Enquirer: 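One structure is given below, represented as C-alpha cells, and several questions about it will come after.
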Amino acid sequence: MTTNTTELATTYSPKEVESKWYKSWEKGNYFKPKKGKANKPYCIIVPPPNVTGKLHAGHALDITTQDSLIRFKRMKGYETLFLPGLDHAGIATQSVVEKMVFEQEKKTRRDFKREEFVKKIWDWKEEYGNFILDQQRAMGASCDWDYLTFTLDPIPNQAVKKFFVDMYNQKMIYQSDYIVNWDPMLQSAISEAEVEHKDVQGNFYHIKYRIKDSESTLEVATTRPETLFGDTAVAVNPNDERYKHLIGKMAIIPICNREVPIIGDEHVDLEKGTGCLKVTPGHDFNDFEIGKRHKLPIINILNLDGTLNDHGMEFKGMSTKEARKKVAKKLEELEILLDTKNHMHPVGHGERSGVPIEPMISKQWFVNVTDMSKRAVEAVENGDMKFYPKEWENTYYSWLRNPKDWCVSRQLWWGHQIPVFYCDDCGHQWASEHNEIECSKCKSKKMHQDPDVLDTWFSSGLWPMSTLGWPNPEAMKEKKFDTFFPNSVLITGHDIIFFWVARMMMMSLQTQNKVPFSDTYIHAIVRDKLGRKMSKSLGNGIDPFDMIAQYGTDAFRFALAAGAGYNRGINLDPERIGGYRNFINKVWNAYRFIQPHLESSSAKITDLTKLDHHERWILAELNSTSKIMNESFEVYRYDDASAAIYSFVYDKYCSWFIELSKNILNGEASPVKSQRISVLKFVFKKMLALLHPITPFITEELWSHLKDDTEDLLIVQAYPEFDATLDFKTDQDQMNKFVEVVTGIRNLRASVNIKPKDEVSVELFTDNIDLITYFRKNLINFQELARVKELSVGSKELNRPNKSIMNVLTHTEIFLPLEGVIDLKEQVNRLEKELAKTKADYQKYESRMNNENFMKNAPEAVREEVKQGERDLKEKITSLEENLIQFKG
RNA sequence: GGGAGUUUAGCUCAGCUGGUAGAGCGCUACCCUUACAAGGUAGAUGCCGGGGGUUCGAGCCCCUCAACUCCCACCA
C-alpha cells in the first residue's frame, strides 16, 4: 500500500497511533539487538527507577535522551540494546510499605517476622512495581524487555555476593565501630549522601561548668544540652589565652556531676560560641574525631529509637527533643543556665524519613575505597570515560579525590542480605556466596547470617555488569556480555554522579578491570517554568502522563529534546510543549498536502542531472540538515538536532518547497510534475527518517503511508547522512537571493496595505547577469508567492519607474510602480531611515577597512568578508541615494 | 566556611578555537489564499548583569563588584 486516498483529519491525533505502533514494534521484535551495517554494538542501560516510582519529568527526559540515541544508532546500523530495569530502592520501598501497613493494620514491621514482612514488600512490588514500565513504554522507549532486570533478581544477587565475598576475603570490606548517621525512625544507619541538611531554629544554651579544685568556672555553649550525659571531655583551643591555663584540670558536668578532663584541641574555634566545647564522642562527628585524638571514652546515651537510655537518668525514655527542653529547665533551676540565644543551625535529616538523624556509634560494614577511587579518578583523567558536558568531571573528582570509606550496611529487611555468617558456638565469622548451614570451621549448625542488608547503591554499582549476566557464565553468554560490556553511554542527572556514576566506575574497574561505559552524558534537571524544582509541596510538578494525554508523546519528547544540550536546567513550560504539538501537526499536514499526488510519483530519484533548481536546493538543504543531526546526536546536542530539523520542516520544506511546488502540482500531468512529486516524496521520507529518533510515532505512521511494499518499518531504515553529491552550493545561494526578493516584495506590499489578493507589477534591477536570467525564469514563482502580475528584470543602467515604492537589497533593487496616489513623503522617510541605518552599518565596515592594524592582523578570511560587506553596503547606499534624489525631485 | 555554575529580546534558551548577536514561544498589524487558524504574510524588541583591563576587534579572554542557583562540609 503506497497511497492512501482516505480522508485525513486536518489535525493529527496521536493517541491510537502511538499505542498501535508501539505494539507493532514490540511484536515484530524491532527492539531486539540485531547486527547491522555498522557492525558495532551500542548499549544503553536505563537508570533503573524505584519500584515505588511513578514516572516524573526527569524520567521522561532520561527516556527521551536515551531512546533518541538508541533509535539513531539502530538506524545507523548498530547492534543496539536498550536495557530496562527496576531498583528495589531499599529504604524508600520499605518505608512506603511500612507506612501502608501501619495505616491499614496499625502495626510496625517489628510486629512481624522478618520473612512475613519481606513477603509483604514483595507482594507490594508485584502489584505496583511494573507501573512505571508501562509509562516508559508510553514514552516510546524501545527497550528489549526480555532483558528487564530487577535489582533483587538472582543474578544481581549473585553479583552482590561475589563482590562482597571477594572484597571481604581481601580485607577490603571490614566491620568497625563507627559513628554513623542513625535514622531513629528507620532504625538504620544511612549513608552521608542520604542525609539532607536543613536549617533549623534552635537555641544556644550557655551553661556554667564548675572546675574541680578551683573557684573559677567555664561557660560552655551548646545547642544540645541533653547530650551532656555522654560528654567525656571539655575542649578549648590550646592557643586560647582565656582558657589555656585550664587544660589538664577536670571539669564537672552538671546534673550527673561526672568529672571529665579539660583538653586542648585545635578544632575548637576561638570565635564560635564561648570558645569552650563540650565533647560528646558518641553523638557528634567532630567530637568523635576529637575523642579518637585524645583517646576519650565513648558513652552511648541513646536507644535505637532515639530516646535516652539509662545514662539519661531522670530523662530516660524521652526523645532528644523533649529531653533538650527538660534539661534546659533543670539547668535553669540549678541557676547554671547563663544564657539562651536563638540560633539557626543546620541539622541533618534523613532524606527518606525526614526526621533529624542522630550521630551514633554502632558496628557497621565498610568498604575500603581508597584504591578503587584512585583508579576511578584515573580512568576519567586519562579519557577512558568522558563526561558530557565536561564540567561534571569536577563534581566527580571532588567526591572521589577525598574518599571516605563507604558504610554499606543498613539495618533494614528489604535488600540484599549481607553474606556474612557467624557461628554461635565457636564464634567464627566468614563470608560466603552460598547459603551456609553449618559453621565452616567447627561444623556446628548453630550459626546465623548477619541480619543487615546492603546499601541500595551496592547493587546499583554492579548494574552495568549484573544486567548482562555477570558473574554467571551461562547468563553472560546468553545476554552477550562480551558484546555489550562496556556499555556505550550512561545518561543520568547530575544529582547521582557520586551516588551512582562513581560507584559503577569503582566497582567495574575493580571486577572487570574496565570502565563500565565510555561516555557519561549528564542531562539537565527538569524544573518548572519559573526555574523551581518540581516538588509535591509546591504542587508544580509536571506529570508526563498529563502532557502525553494533552499533546501527544512526540510533542513531549520533542520539547524535552529541544531543551537538552549542555545546560543544567530545563525550565519546562507546558505551553512550549503545545508549540511543538503544533509542529507535529505541521508535519501531518505537509503529508496531507502531498498525499493526493502520490500515485503519480516514482519512488526514487535516479538521475541527478534532471533535477531542477528548486529540487537541487531542497536536496542540498536536506543534506545540510542530515549533517547537523548526525553530528549533534554524536555529542549529545539534542537541542541542536531539534533546531535543525524544526527549521528544515518549517522554513525549508513547508514554507518554500511546498509553496514553490503548488503551481507545478496544479498543472497538467507532465514529466516535470511527476519528477516534482517524486522529489517531494523522497525528501519527505528522508525528513521522517531524520525526525524519527525524536518523534518516533508520527514518523512511523506517515512512513507506513509512504513506504514501498518492499520497505520495512521506519524504525530500522537507514539514517540519512551527508552526501557530497547533493551539496548544491550555487542553488542554495541563488535560492537565498530569491527568498530575499520575494520577502522584499511582500514587505513593500504590506507597507502600503495592498490586499493579499490584489496583484502588483514589479520591476527588479540588478547588475548581476546571472541573477537577471534567474529571476526571469522564476516569473511563475514570483506570481505564486508574491501575487506579482507583471515582472520586468533589468540592469541598473535602465531608468527606474516614476511613481513607485522601492526596496533596496545588496544585490537587487525592487520597484513596485503604483497607479494612483503615492504618499511620496512617506516613501522618502522610509528610504531615508533605511539609508541612515545602512550608512551606520557601512561605517563599521569602513572603519575596519581603514584601520591599519586590522588590515595587518586580521586573518585573510575575515578581511575578505569585511571587504565584501563594504562593497555590498556601498552599492546599497548608492542605490538608495540615487532613488532618493528621484523621489524628492 | 569550601567548591561549581548562572546572569544575552517580554519568557525559555543557543551562541564553535575572540570577527561585530540568533531560535522557539509570546507580542503587533493584516489575511478563513483549495496541506495546516494547532495556519499564512509582514513587523517590533537587545548599553549580551555593573565597572575596569588585554586586543586591530570582546557576548566569548583577564581582574573586580553585584544578584541568583546548586553541590560539599558544618547540631559548640
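If you're wondering where the values come from, they're calculated on a predicted model, not measured in any experiment. As a basis for the values below, the full set of heavy atoms in this structure was taken, side chains included, without hydrogen atoms, waters or symmetry mates. A, B, ... follow the sequence lines: proteins, then strands. Residue 1 opens every chain.
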Enquirer: Go through the structure and list residues passing side-chain contact (heavy atoms from CB on, under 4.5 Å) with A:D339, not counting sequence neighbours.
Expert: A:H206, A:K341

Enquirer: Per the ring-ring contact (aromatic ring centres under 6.0 Å, His included) rule, which among A:W588, A:Y12, A:Y646, A:F648 passes with A:F583?
Expert: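 Considering A:W588, A:Y12, A:Y646, A:F648, a ring-ring contact (aromatic ring centres under 6.0 Å, His included) with A:F583 is found only for A:Y646.
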
Enquirer: Check whether any side-chain N or O of A:R581 sits under 4.0 Å from OP1 or OP2 of B:A38, and answer yes or no.
Expert: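 A:R581 to B:A38 OP1/OP2: no side-chain N or O under 4.0 Å.
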
Enquirer: B:U33 phosphate, OP1 or OP2: any side-chain N/O from A:K662 under 4.0 angstrom?
Expert: no

Enquirer: Calculate the interatomic distance between A:I497 atom CD1 and B:A4 atom P; express it in whole Å.
Expert: 15 Å

Enquirer: So, OP1 or OP2 of B:G40: does either fall under 4.0 Å of a side-chain N or O from A:K586?
Expert: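 Yes, because at least one side-chain N or O of A:K586 sits under 4.0 Å from OP1 or OP2 of B:G40.
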
Enquirer: Dot-bracket, 5' to 3', for RNA chain B please: Watson-Crick or G-U pairs under 3.5 Å, [ ] where pairs cross earlier ones, | where the partner sits on another strand, dots elsewhere.
Expert: (((((((..((((.....[..)))).(((((.......))))).....(((((..]....))))))))))))....

Enquirer: List in chain and number order the residues that pass salt bridge (charged side-chain N to carboxylate O under 4.0 Å, His left out) with A:D265, two or more places apart in sequence or in another chain; answer none if no residue qualifies.
Expert: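 In terms of salt bridge (charged side-chain N to carboxylate O under 4.0 Å, His left out), with neighbours along the sequence ignored, A:D265 is linked to A:R293.
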
Enquirer: Just to verify, what does A:D872 make a salt bridge (charged side-chain N to carboxylate O under 4.0 Å, His left out) with, not counting sequence neighbours?
Expert: none

Enquirer: Using the side-chain contact (heavy atoms from CB on, under 4.5 Å) criterion, which residues pair with A:R787? Sequence neighbours excluded.
Expert: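 Residues passing side-chain contact (heavy atoms from CB on, under 4.5 Å) with A:R787: A:R749, A:E759.
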
Enquirer: Which residues pass the salt bridge (charged side-chain N to carboxylate O under 4.0 Å, His left out) test with A:K662, sequence neighbours left out?
Expert: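 Listed in chain order: A:E659.
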
Enquirer: What string of B, S and - do you get for nucleotides 15-30 of chain B, 5' to 3', if B is base contact, S is sugar-phosphate-only contact and - is no contact with any protein heavy atom under 4.0 Å?
Expert: S---BB---SS-----

Enquirer: Take atom CD of A:E784 and atom P of B:U34, then tell me their distance rounded to the nearest Å.
Expert: 13 Å

Enquirer: Of all residues at least two apart in sequence or in a different chain, which pass the ring pair (Phe, Tyr, Trp, His ring centres under 6.0 Å) check with A:Y396?
Expert: A:F387

Enquirer: Could you pull out all residues at least two apart from A:A328 that satisfy side-chain contact (heavy atoms from CB on, under 4.5 Å)?
Expert: A:Y205

Enquirer: I want to check one thing: is the phosphate of B:A42, taken as OP1 and OP2, less than 4.0 Å away from some side-chain N or O of A:T743?
Expert: yes

